[in-house]
Amino acid sequence: MTVDVSRGKGLDYSTFTVFDVSTMPYEQVCIFRDNLISPVDFASIVFRVAKMYNEASVLVEINDIGAQVSDTLHMDFGYENILYTENAGRSGKRISGGFGGGSVDSGIRTTKSVKAIGCSILKLLIEQNQLIVKDSFTINELKRFSRKGTSYEAEPGTHDDMVMNLVIFAWLTNQGFFKEMTDINTLSRLRERTEEQISENLLPFGFVDDGREEIEPVYVRANNW
């Protein structure tokens, strides 16, 4: 489950998306979207739904007040499957095996590098039909999620809270934690499919000889009435 948190004041939406990662293509199986819910109440819903879905691993975006949701999950509900991140030097961020303290964050900060990686992988997943998106809100946001400079964001007057769930998930699929948990190397699979598509496109167009002689067509002129 990936989680994007807002302040619950009728502006941006607090959202989460649950993904089935048992096989590729990955599949969106549950979503939540509300722009009035408080972070504490939101944490309660995240906890209940995560428990329902096989005690899902939960990655919370903590750029603003998301850490409050993550901390509530851990401290108040005792939820153990929260994903933490740490700095990885030039590689940016990575999933950490730690449980707080030091440079470890109780979620993911969507830095420029995290968003760039997530957007790049998400683009490949969608183009190759390796992420099945079923929710209409998510689909509509994807239609208005456009490139701006070296990044992507919602077009003016629209939202990208559901899309950010996908971006964070796409980034997660390239982490060692994800590869070990699912035994799926997402980028490797995507590259294989890309090479297959390129090979198919490069196949020469041929002619088939069935052994029969070519028969010249006979033209018949109709009588004038």
Side-chain angles (χ1 to χ4, degrees), residues 1-7 11-19 21 26 28 31-33 35 39 42 46 56-70 82-96 103-128 130-133 135 137-179 182 184-191 194:
M1 177 193 291
T2 54
V3 182
D4 188 33
V5 186
S6 76
R7 292 182 175 271
L11 301 173
D12 290 337
Y13 288 82
S14 287
T15 64
F16 65 67
T17 301
V18 181
F19 302 90
V21 298
Y26 306 124
Q28 182 186 47
I31 71 103
F32 177 89
R33 181 178 185 265
N35 65 348
F42 185 42
V46 170
S57 297
V58 177
L59 182 58
V60 183
E61 183 273 322
I62 57 171
N63 282 36
D64 188 6
I65 58 172
Q68 183 178 348
V69 170
S70 184
I82 301 169
L83 298 181
Y84 294 80
T85 61
E86 62 186 3
N87 291 324
R90 293 183 179 179
S91 300
K93 293 283 188 176
R94 66 185 173 203
I95 296 296
S96 169
S103 61
V104 176
D105 291 321
S106 58
I108 179 69
R109 295 188 185 279
T110 49
T111 61
K112 288 184 179 180
S113 62
V114 168
K115 189 174 181 180
I117 294 170
C119 287
S120 297
I121 298 176
L122 176 60
K123 185 174 183 290
L124 290 173
L125 286 168
I126 291 177
E127 287 178 346
Q128 298 187 19
Q130 294 304 296
L131 176 59
I132 301 173
V133 179
D135 168 59
F137 289 114
T138 310
I139 293 171
N140 288 331
E141 285 189 10
L142 280 168
K143 292 177 181 178
R144 305 298 299 274
F145 192 66
S146 305
R147 179 186 290 275
K148 184 176 182 180
T150 58
S151 184
Y152 291 82
E153 62 182 42
E155 295 176 0
T158 64
H159 296 276
D160 61 6
D161 308 291
M162 293 303 306
V163 172
M164 288 310 300
N165 289 169
L166 306 188
V167 171
I168 295 170
F169 170 73
W171 174 85
L172 178 61
T173 63
N174 195 41
Q175 294 294 301
F177 161 84
F178 186 90
K179 297 171 186 176
T182 62
I184 299 174
N185 188 323
T186 302
L187 269 185
S188 177
R189 295 276 189 93
L190 292 173
R191 290 192 186 102
T194 300

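Side chains are part of it too, since the values below use all heavy atoms of this structure and drop only hydrogens, waters and symmetry mates.
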Distance check, rounded to the nearest 0.5 Å: [X] atom [atom1] versus [Y] atom [atom2]?
| X | Y | atom1 | atom2 | value |
| --- | --- | --- | --- | --- |
| Ile126 | Ile132 | CD1 | CD1 | 12.0 Å |
| Trp171 | Met164 | CH2 | CE | 12.0 Å |
| Ile95 | Leu83 | CD1 | CG | 5.0 Å |
| Leu131 | Ile121 | CG | CD1 | 12.0 Å |
| Ile184 | Thr173 | CD1 | OG1 | 9.5 Å |
| Leu172 | Phe177 | CG | CZ | 6.5 Å |

So, do [X] and [Y] sit near enough that their side-chain heavy atoms are less than 4.5 Å apart?
| X | Y | answer |
| --- | --- | --- |
| Val18 | Phe32 | no |
| Gln68 | Val5 | no |
| Leu59 | Ile168 | yes |
| Val46 | Val58 | yes |

Exercise: identify the closest heavy-atom pair between [X] and [Y]:
| X | Y | value |
| --- | --- | --- |
| Lys123 | Tyr152 | CD-OH, 4.2 Å |
| Pro39 | Ile65 | CG-CD1, 3.5 Å |
| Leu166 | Val133 | CD1-CG2, 4.2 Å |

Q) Taking only residues two or more places apart in sequence or in another chain, which ones pass ring pair (Phe, Tyr, Trp, His ring centres under 6.0 Å) with Tyr13? A) His159

Q | With sequence neighbours excluded, residues passing ring pair (Phe, Tyr, Trp, His ring centres under 6.0 Å) with Phe178 | A | Tyr26

Exam field: side chain [X] to backbone [Y], donor-acceptor pair closer than 3.5 Å:
| X | Y | value |
| --- | --- | --- |
| Gln128 | Leu190 | yes |
| Thr85 | Gly107 | yes |
| Glu141 | Val163 | yes |
| Ser188 | Asn185 | no |

Q) Taking it one step at a time, do Asp64 and Arg7 satisfy side chain to side chain contact (heavy atoms under 4.5 Å, CB included)? A) CA-CA 9 Å; Asp64 188 6; Arg7 292 182 175 271; 2.9 Å; yes

Q. Hey, mind stepping through Val104 and Ser96 against side chain to side chain contact (heavy atoms under 4.5 Å, CB included) and telling me if it holds?
A. CA-CA 7 Å; Val104 176; Ser96 169; 3.9 Å; yes

Q. With a 4.0 Å cut-off, would you call Arg94 and Glu86 a salt bridge?
A. yes

**Q.** Ionic contact status for Lys93 with Asp105, cut-off 4.0 Å
**A.** yes

Q: Please list, chain by chain and in numerical order, all residues satisfying side-chain hydrogen bond (donor to acceptor under 3.5 Å, both in side chains) with Ser14, sequence neighbours excluded.
A: Ser6

Q: Any chance you could lay out the side chain to side chain contact (heavy atoms under 4.5 Å, CB included) test for Phe42 and Val3, step after step, and finish with the verdict?
A: CA-CA 10 Å; Phe42 185 42; Val3 182; 3.4 Å; yes

Q. Are side-chain N/O atoms of Asp161 and Thr15 paired as donor and acceptor at under 3.5 Å?
A. no

Q | Test log, rule side chain to side chain contact (heavy atoms under 4.5 Å, CB included), inputs Met162 and Ile31 | A | CA-CA 8 Å; Met162 293 303 306; Ile31 71 103; 3.7 Å; yes

Q | side-chain contact (heavy atoms from CB on, under 4.5 Å) against Ser106, all qualifying residues, sequence neighbours excluded | A | Ala67, Ser70, Asp71, Tyr84

Q | For Thr158, all residues meeting side-chain contact (heavy atoms from CB on, under 4.5 Å), sequence neighbours excluded | A | Arg144, Ala154, Glu155

Q. What pairs with Lys179 under salt bridge (Lys or Arg N to Asp or Glu O under 4.0 Å), at least two apart in sequence or on another chain?
A. none

**Q.** Member of Thr17, Asp4, Thr138, Asp160 meeting the side chain to side chain donor-acceptor pair (under 3.5 Å) criterion with Asn165
**A.** Thr17

